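Taking it in order: structure first as structure tokens, then the write-up.
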Amino acid sequence: HRGFCRLLDAGLHDAHAERRRWFVATWPIDMRPLPPLSHIDHVLVSDQVAVLDVWEGVGRGSDHRPVVADLAVVG
């Protein structure tokens, strides 16, 4: 997606990539029995923020799994 690529080009980093979690899917969650198929939900951080952990939540009330991240300010 062009807008997302612009954010990455501006120096932001995806939290999943920072933790080397490459095979993540957050959407859709309402196609049972199939698992989510696409990674379209992200937490973006700058160089001043460390990603301690990132995971996907349950996602009640939405067709997306929430992305939850533990972050720390660097410096």
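The figures that follow rest on heavy atoms only: side chains count, while hydrogens, waters and symmetry mates do not. From a predicted model like this one, the values you see are computed outputs, not experimental measurements.
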Please round to the nearest 0.5 Å and tell me the distance separating atom [atom1] of [X] and atom [atom2] of [Y].
{"X": "R6", "Y": "L12", "atom1": "CZ", "atom2": "CG", "result": "14.0 Å"}
{"X": "T26", "Y": "L37", "atom1": "OG1", "atom2": "CG", "result": "10.5 Å"}
{"X": "R21", "Y": "E56", "atom1": "CZ", "atom2": "CD", "result": "4.0 Å"}
{"X": "D63", "Y": "M31", "atom1": "CG", "atom2": "CE", "result": "11.0 Å"}

Using a 4.5 Å cut-off on heavy atoms from C-beta on, say whether the side chain of [Y] contacts that of [X].
{"X": "I40", "Y": "H64", "value": "yes"}
{"X": "H42", "Y": "L7", "value": "no"}
{"X": "D14", "Y": "L44", "value": "yes"}

Can you give me the closest heavy-atom contact between [X] and [Y], atom names plus distance?
{"X": "V54", "Y": "V67", "result": "CG2-CG1, 3.7 Å"}
{"X": "A25", "Y": "P36", "result": "CB-O, 3.2 Å"}
{"X": "G57", "Y": "R65", "result": "O-NE, 3.3 Å"}

Given V24, D41, V43, the one that forms side-chain contact (heavy atoms from CB on, under 4.5 Å) with H16: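 Of all the options given, the one that passes is V24.
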
Start with the C-alpha distance between V68 and D53, add both sets of side-chain angles, then the distance that settles side chain to side chain contact (heavy atoms under 4.5 Å, CB included), and finish with yes or no. CA-CA 8 Å; V68 184; D53 198 3; over 6 Å; no

Under a single-linkage definition using a 4.5 Å side-chain heavy-atom cutoff for Ile, Leu, Val, Met, Phe, Trp and Tyr, are W55 and V51 assigned to the same hydrophobic cluster?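 As far as the 4.5 Å side-chain criterion goes, V51 and W55 are not connected within one cluster.
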
